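To start, the structure under review is shown below, and the notes come after it.
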Amino acid sequence: MLRVGVLGVGGISGTHIPAWKRIKEAELCALCDIRPEQMEAYVGLPHYTDAKEMLDKENLDILDICLPTYLHAEYAAFAMERGIHVICEKPISLHKKDAARLYETAAKNRVRFMVAQVLRFWPEYLYLKDAYDSGRYGKLLSGVMGRLGTRPGWSWDNWMTDEKRSGLVPFDLHIHDVDFMVYAFGRPNKSTAFRSKCETQDYLHAVYEYDDFFISAEASWYASPYPFQASFRFQFERAVIANEAGRLMVYEKDGKTFQAGADEQQSGTINLPQTDGYYNEIRYFTDCVLAGRDADIVKQEELETVLDLLTAL
Ligand SMILES: NC(=O)c1ccc[n+]([C@@H]2O[C@H](COP(=O)([O-])OP(=O)(O)OC[C@H]3O[C@@H](n4cnc5c(N)ncnc54)[C@H](O)[C@@H]3O)[C@@H](O)[C@H]2O)c1
């Protein structure tokens, strides 16, 4: 049984903790957050307010880091130097040099390390990648991706709205779409971005150019309570694949329409796994640890490319 600890019990840990509870080869043994009240809802396991103390006492196999972005690299290195496997929330860091340092630390200490870039494990996005890889709808012509929402006001100590600690919209939100692009299509040849940023808002619109297609992507933290939405729409020679308003649709050129999980007479269905990306990434990382193999769905070079692209925005 793998012993797991979660470090940082804020917003995103609410998706990781239930996922760990579903992994039968792992036992969630301890939680750590500097705010004890964050852990009150989780009874029956030790709570720590100091990461070092948790690592000293709990003999963990895996540390799951859900800390604010600017702390990722420091704590990932600290745990791996003690021989603990690490899964860490995105981004790996705001600084590219940390990527090589962390992968070197993992190799030197013979532990697995993975950054939880969740879209690489998200069924709708994997469906799109498979359509591209298989070429079943012909060549890809264009894509639009989006991640829109309101300025976050919920983070601990407001770290998210502090550029030095979060990197703002590029590194917090837009990173998801850029990471998926790099994973699915490789490094773009060129990127052009427009950004409107002031004290209360941050909006960007970027265009990424590849040999035969381009992808435009927008991301926002509006000052208004604009409801969060994540979407994409990709144009192939023989179909449009769209993930909008929370449902994946395929509109084929001959007029047929398919909807993921739909049960309507006029549309077919897409056989899409009904699993969530957070569970999938944690399941995959656990399998890598158990098998003693690198978690190479997420690669160092790709993470570095993503940081290059985001830094240029
Ligand atoms: N994959 C996704 O979809 C997704 C979504 C949201 C956030 N994230 C990432 O998850 C990370 C955390 O974001 P969040 O929204 O959960 O932030 P958050 O502010 O809600 O939670 C962070 C927690 O860390 C705690 N903390 C701060 N310093 C600590 C320390 N030294 N030791 C122990 N605990 C400490 C805080 O008390 C807080 O509870 C960020 O890097 C963010 O980019 C990913």
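Whatever order the structure lists them in is the order used to number ligands and atoms, beginning at 1. Since this is a predicted model, take the numbers as computed values, not measurements.
A tilted orientation is assigned to the rings of Phe236 and Phe234, their planes being inclined by 30° to 60°. Taking the six-membered ring where the residue is Trp, Trp156 and Tyr70 present parallel rings, their angle staying beneath 30° rather than reaching 60°. Using the six-membered ring where Trp is involved, Tyr203 and Tyr222 have ring planes that are parallel, under 30° apart on the 30 and 60° scheme. Tyr284 and Phe121 have tilted rings, their planes meeting at an angle from 30° to 60° on a 0 to 90° scale.
Against a heavy-atom cut-off of under 4.0 Å, Ser155 is close to the following atoms of ligand 1: 19 (O). Of all atoms in ligand 1, numbered sequentially from 1 with element shown, those under 4.0 Å from a heavy atom of Thr69 are 40 (C), 41 (O), 43 (O). Atoms of ligand 1 lying under 4.0 Å from at least one heavy atom of Leu7, given by number and element, are 33 (C). Annotation for ligand 1: atoms under 4.0 Å from non-hydrogen atoms of Gly8 are 24 (O). Atoms of ligand 1 found under 4.0 Å from any heavy atom of Met160 (numbered from 1 in listed order, with element): 15 (O). Near Gln38, with a cut-off below 4.0 Å to any heavy atom, the atoms of ligand 1 are 39 (O). Taking every heavy atom of Asp172 and a limit of under 4.0 angstrom, the matching atoms of ligand 1 come to 43 (O). Interface atoms of ligand 1 facing Gly10, defined by a heavy-atom separation under 4.0 Å, are 16 (O), 20 (O), 21 (O), 23 (C), 39 (O).
Within 6.0 Å of CZ on Arg293 lie more than 12 heavy atoms contributed by other residues, nucleotides or ligands. Residue Glu199 qualifies as open at atom CD: its count of foreign heavy atoms under 6.0 Å is 12 or below.
When hydrogens are left out, the protein atom nearest atom 1 (N) of ligand 1 is Glu89 OE1, 3.1 Å; that is the closest non-hydrogen contact. Here the protein heavy atom with the shortest distance to atom 20 (O) of ligand 1 is Gly11 N, 2.9 Å. Nearest non-hydrogen protein atom to atom 31 (N) of ligand 1 is Tyr75 OH, 3.4 Å. Of all protein heavy atoms, the one closest to atom 42 (C) of ligand 1 is Lys90 O, 3.7 Å.
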- Message: Applying side-chain contact (heavy atoms from CB on, under 4.5 Å) to Phe78 and Thr105, what does each step give before you reach the verdict?
- Response: CA-CA 9 Å; Phe78 182 65; Thr105 305; over 6 Å; no
- May I have the step-by-step check of salt bridge (charged side-chain N to carboxylate O under 4.0 Å, His left out) for Asp287 and Arg112, ending in yes or no? CA-CA 11 Å; Asp287 288 341; Arg112 310 296 146 203; over 6 Å; no
- Message: Working note: Ser142 + Gln235, criterion side chain to side chain donor-acceptor pair (under 3.5 Å); need CA distance, chi angles, decisive distance, verdict.
- Response: CA-CA 5 Å; Ser142 75; Gln235 172 200 15; 2.6 Å; yes
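Nearest to atom 18 (P) of ligand 1 by heavy-atom distance, out of Trp154, Trp159, Tyr70, is Trp159. Between atom 6 (C) of ligand 1 and the options Ile12, Asp157, Asn158, Ile92, the minimum heavy-atom separation is to Ile12. For atom 11 (C) of ligand 1, the nearest non-hydrogen atom from the set Val118, Ile65, Leu67 comes from Leu67. Within the set Val6, Ile34, Asp33, the minimum heavy-atom distance to atom 30 (C) of ligand 1 is found for Ile34. Comparing heavy-atom distances from atom 22 (C) of ligand 1 across Cys88, Pro68, Ala116 singles out Pro68 as nearest.
For the pairing with Glu218, the side chain to side chain contact (heavy atoms under 4.5 Å, CB included) check across Val169, Val144, Leu148 returns one residue only, Leu148.
At a threshold of 4.5 Å between non-hydrogen side-chain atoms, the residues Asp177 and Arg147 count as touching.
For the pair Tyr278 and ligand 1, the shortest N or O to N or O distance falls below 3.5 Å.
Under 4.0 angstrom from ligand 1, the non-hydrogen atoms of Leu71 all belong to its side chain. Residue contacts with ligand 1, taken as heavy atom pairs separated by less than 4.0 Å, involve Cys66 solely via the backbone atoms N, CA, C and O. At a 4.0 Å heavy-atom cut-off, ligand 1 touches His176 through the side chain alone.
In this structure, OG1 in Thr305 is found 10.5 Å from CG in Leu310, a value given to the nearest 0.5 Å.
Salt bridge status for Arg151 with Asp202: absent, with no side-chain N to carboxylate O gap under 4.0 Å.
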